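Here the structure comes first, spelled out in structure tokens, and everything after it is commentary.
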Amino acid sequence: MAKVLDGIIVVEQGTFITGPAAGMLLADLGADVIKVEQPDTGDPFRAFKGGLYSPHFQTYNRNKRSITLNTKQADDAEVFDALIREADVYIQNFRPGAAARLGASEARLRQINPRLIYCAISGFGQTGPAAGRPAYDTVAQAASGFLNLLINPENPRVVGPAIADALTGFYAAYGILGALVERGRTGTGRSVEVSMLEAMSHFNLDAFTHFFAEDEVMGPYSRPSVSQSYTLKCADGKWIALHMSSPEKFWQGLARAIERPNIFQDERFATREARIDNQAMLINVLGSIFVTRTREQWCRRLEAEDVPHAPMYDTSEALQDPQAKHLQLEIQGQHPTLGTWRTVRSPVSFDGERPLDVVPPPLLGEHNTEIRTALQAKQQ
């Protein structure tokens, strides 16, 4: 594994998803990420069925080391300051003002280490009328206009994973990497700020651009109709996805695959504009056809005609696909006490080298002695 951030030390005082996700992305690139947690309880995301190693916590905390510190105690506060003195990056995702109460304000930490990249992640920003409001994933999706594109008006329920949380972590890591590059030129640290509202508004850029350019307010079916995207049930109860877009060759390939050579001579489906206007009817037509064969049979037919498609896998199936296996997406590491641990590797390869090595998420305080001993050695 190419450790392009080897030698970069990150102190992460993150909880739940946004801060830990940013730290994990840097750790995946080889940074030494030291996760500072509260004694006894640690990151609240740890709690699960009476234990402190939940699947949620595992998702965002691989390749890190854990130290427990109560910075209200003098000894632990000294250890925290010693970590900051050696660090390149500090990450927190507290509500505005909380870091200062914990002795981790930017001003204080920059006095300790002027080269520090200080990253503050929030829900609604560090200032403004909503700055103090609590924010979780659904709140940020809704406030940014993104949730409006996901909710099926016929069955209005929140769906899908924690997109806003994870993406905010991505944007934070992106900002940190930019600040590290600049510091390499200037020697000066930067403050990096990102909020969930800002991250999701930027991620929702396509919808805002349509509004700015065409005064169009997009809805949940706007893009799927323009892109001509379909999910269709097959004879075996499994589903398949098509993304047809506009090239005519794909539509003709689909016509051959479904053995309906004249289907796109029908004026309702003959042009891109007609297919967009009549997508609901086309869904019904294709639905009645696709239910006649199994998913595997349809995949063979569609692949033979070069039609853009994929099985709509669930998580038990996706990594078993031959292409996923070829790319070695599933990897595993060995925890010293918990044994084999499985995950999905980072998607980024350097010089053709896939990142196949991984260190399982740490137990709470797993590296207390190791980290303290190393800091003491540096002070001597």
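From a predicted model like this one, the values you see are computed outputs, not experimental measurements.
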- Between R354 and I331, does a side-chain contact (heavy atoms from CB on, under 4.5 Å) hold up when you go through it step by step? CA-CA 11 Å; R354 294 172 182 160; I331 59 174; over 6 Å; no

- Task: Apply the test side-chain hydrogen bond (donor to acceptor under 3.5 Å, both in side chains) to residues T68 and N368: give CA-CA distance (whole Å), side-chain angles for both, the deciding distance (0.1 Å), then the verdict.
- Result: CA-CA 7 Å; T68 55; N368 280 349; 2.9 Å; yes

- Stepwise ring pair (Phe, Tyr, Trp, His ring centres under 6.0 Å) test for F57 and F45: CA-CA 5 Å; F57 174 82; F45 231 30; 8.2 Å; no

- Message: As a quick check of understanding, evaluate salt bridge (charged side-chain N to carboxylate O under 4.0 Å, His left out) for R85 and E78, giving each step before the final call.
- Response: CA-CA 10 Å; R85 200 168 289 116; E78 288 180 11; over 6 Å; no

- Message: Could you go through Q376 and T373, starting from their C-alpha distance and side-chain angles, then the distance that decides it, and tell me whether this counts as side-chain hydrogen bond (donor to acceptor under 3.5 Å, both in side chains)?
- Response: CA-CA 5 Å; Q376 290 170 357; T373 300; 4.9 Å; no

- Task: Please step through salt bridge (charged side-chain N to carboxylate O under 4.0 Å, His left out) for the pair E248 and R275, ending with a clear verdict.
- Result: CA-CA 12 Å; E248 188 62 25; R275 290 189 286 264; 3.7 Å; yes

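Looking at H243, its side chain never comes within 3.5 Å of a backbone N or O of S229 through a donor-acceptor pair. Using a distance-only test at 3.5 Å, with no hydrogens or angles considered, no donor-acceptor pair links the side chain of D32 to the main chain of G7. D137 places a side-chain N or O within donor-acceptor distance of the main-chain N or O of A164, the cut-off being under 3.5 Å. Under the 3.5 Å distance criterion, the side-chain polar atoms of D43 are matched with a main-chain donor or acceptor of F16. One N or O on the side chain of W251 and one on the backbone of S245 form a donor-acceptor pair closer than 3.5 Å. Of the possible donor and acceptor atoms, none in the side chain of D236 sits under 3.5 Å from a partner among the backbone N and O of T294. A donor-acceptor pair under 3.5 Å is absent between the side-chain atoms of D76 and the main chain of T71, judged by distance alone.
Surrounding CZ of R256 are more than 12 heavy atoms belonging to other residues, nucleotides or ligands, all under 6.0 Å away. Other residues, nucleotides and ligands contribute at most 12 non-hydrogen atoms within 6.0 Å of the CZ atom of F211. By the neighbour-count criterion of 12 heavy atoms within 6.0 Å, atom OH of Y313 is densely surrounded, having more than that number from other residues, nucleotides or ligands. A 6.0 Å sphere centred on CD of E303 holds no more than 12 heavy atoms belonging to other residues, nucleotides or ligands. Residue F94 qualifies as enclosed at atom CZ: its count of foreign heavy atoms under 6.0 Å is above 12.
Salt bridge annotation for R301-E305: absent, with no cationic side-chain nitrogen under 4.0 angstrom from a carboxylate oxygen. Ion pairing between R345 and E330 fails under the 4.0 Å rule for side-chain N and carboxylate O. A salt bridge links D81 with R108: the closest approach of a Lys/Arg side-chain nitrogen to an acidic carboxylate oxygen falls below 4.0 angstrom. The pair D75-R372 meets the salt-bridge criterion, since a charged nitrogen lies less than 4.0 angstrom from a carboxylate oxygen.
Closest of all the heavy-atom pairs between P355 and S349 is CD-OG, 3.9 Å. Nearest approach of V194 to A199, heavy atoms of both residues: CG2-CB, 4.3 Å. The nearest pair of heavy atoms linking R65 to P362 is C-CG, 4.2 Å. Nearest heavy-atom pair across C299 and H309 is O-NE2, 3.5 Å. Summarising the geometry of S225 relative to I276, their closest heavy-atom pair is O-CG1, 3.4 Å, with the distance given to 0.1 Å. Pairing each heavy atom of A207 with each of L149, the nearest pair is CB-CD1, 4.0 Å.
Between the CG atom in L25 and the OH atom in Y60 there is a gap of 10.0 Å [rounded to 0.5 Å]. To the nearest 0.5 angstrom, Y171 atom OH is 14.5 Å from T18 atom OG1. Taking OG1 of T138 as the start and CD1 of I163 as the end, the distance is 10.0 Å to the nearest 0.5 Å.
Between H56 and F48, the ring-plane angle classifies as perpendicular under the 30° and 60° cut-offs. Aromatic ring pairs are classed by plane angle as parallel below 30°, tilted from 30° to 60° and perpendicular above 60°; the pair Y118 and Y90 is tilted.
The closest side-chain heavy-atom distance from V79 to I67 is below 4.5 Å.
Judged as a salt bridge (Lys or Arg N to Asp or Glu O under 4.0 Å), and not counting sequence neighbours, R115 has no contacts.
I258 and M244 end up in the same hydrophobic cluster when Ile, Leu, Val, Met, Phe, Trp and Tyr side chains are linked at under 4.5 Å.
Donor-acceptor pairing under 3.5 Å is lacking for the side chains of Q38 and T41. Under the 3.5 Å distance criterion, with hydrogens and angles disregarded, a donor-acceptor pair is assigned to the side chains of D28 and N63.
Aromatic ring centroids of F264 and F269 lie 6.0 Å or more apart.
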